[in-house]
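Below is one structure; the comments refer to it alone.
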Amino acid sequence: MQHSCDCDVPGSMTFRIETAERETFTVFILSGRIETWAIAELRRLFELQTDYRSIVLDLKHVSWVDRDVIGFLVRCEADGVKLENCPGYIREWMERDKD
């Protein structure tokens, strides 16, 4: 199964979600700028999954995130979502946000 969604908001750069299956995992390949409004779309896609532990978020092509997204990613990991190719600056911010 492959799915692609280009999400445009006026005044914002494109945020892209591609979906792929890898063995028992659903991989959401994210790219572009992830802003607060994108969280709702990601949650909608997550709700279609039976188990958060079967979700992988590939962040290799993410160029920017806002503070709300950092909190969302921290909660995702706590719920069992795997973060893959997470840029160092995002990982550092997530670690600071946990404190």
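If you're wondering where the values come from, they're calculated on a predicted model, not measured in any experiment.
Here the straight-line distance linking atom CD1 of I55 with atom SG of C76 works out to 7.5 Å at 0.5 Å rounding. Considering NZ of K82 and CG of L57, their distance stands at 11.0 Å, rounded to 0.5 Å.
R91 pairs by the side-chain hydrogen bond (donor to acceptor under 3.5 Å, both in side chains) definition with E77, not counting sequence neighbours. D66 is linked by a side-chain hydrogen bond (donor to acceptor under 3.5 Å, both in side chains) to T36, counting only residues two or more places apart in sequence or in another chain. Under the salt bridge (Lys or Arg N to Asp or Glu O under 4.0 Å) criterion, R96 pairs with no residue at all, not counting sequence neighbours. Listed by chain and number, the residues in a side chain to side chain contact (heavy atoms under 4.5 Å, CB included) with N85 are D58, K60 (sequence neighbours excluded). Partners of D68 under the salt bridge (Lys or Arg N to Asp or Glu O under 4.0 Å) rule, at least two apart in sequence or in another chain, do not exist in this structure. In terms of the salt bridge (Lys or Arg N to Asp or Glu O under 4.0 Å) criterion, residue partners of D51 (sequence neighbours excluded) are, by chain and number, R53. Remark: Y52 pairs with F46 by the ring pair (Phe, Tyr, Trp, His ring centres under 6.0 Å) rule, at least two apart or across chains. Looking at residues two or more places apart in sequence or on another chain, you find no side-chain hydrogen bond (donor to acceptor under 3.5 Å, both in side chains) involving E92. For the side chain to side chain contact (heavy atoms under 4.5 Å, CB included) test, residues two or more places apart in sequence or in another chain that qualify with R22 are V27, E84. Annotation: side-chain hydrogen bond (donor to acceptor under 3.5 Å, both in side chains) contacts of K98 (sequence neighbours excluded): E95.
Under the 4.5 Å side-chain heavy-atom criterion for Ile, Leu, Val, Met, Phe, Trp and Tyr, V81 and W93 are members of the same hydrophobic cluster. When hydrophobic clusters are built by joining Ile, Leu, Val, Met, Phe, Trp and Tyr residues whose side-chain heavy atoms come closer than 4.5 Å, directly or via intermediates, V62 is grouped together with M94. Follow the hydrophobic side-chain contacts under 4.5 Å out from F28 and you reach V74 in the same cluster. No continuous path of ILVMFWY side-chain contacts below 4.5 Å connects L45 to F25, so the two sit in separate hydrophobic clusters.
Annotation: side chain of D97 is in contact with side chain of R67 (closest heavy-atom distance under 4.5 Å). You'll find the side chain of I34 stays beyond 4.5 Å of the side chain of W64, heavy atoms only. With a 4.5 Å cut-off on side-chain heavy atoms, L30 and R16 do not count as touching. Using a 4.5 Å cut-off on side-chain heavy atoms (C-beta onward), S54 and T24 make no contact.
Nearest heavy atoms, Y89 versus V65: OH-N, 4.1 Å. Pairing each heavy atom of L42 with each of F72, the nearest pair is CD1-CE2, 3.8 Å. Considering all non-hydrogen atoms of both residues, A38 and F15 come closest at CB-CE2, 3.4 Å.
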TODO: Before giving the answer on side chain to side chain contact (heavy atoms under 4.5 Å, CB included), spell out for V56 and T26 the whole-Å C-alpha distance, their side-chain angles and the decisive distance to 0.1 Å.
DONE: CA-CA 6 Å; V56 174; T26 300; over 6 Å; no
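With S63 contributing its side chain and G32 its backbone, the two residues share a donor-acceptor pair below 3.5 Å.
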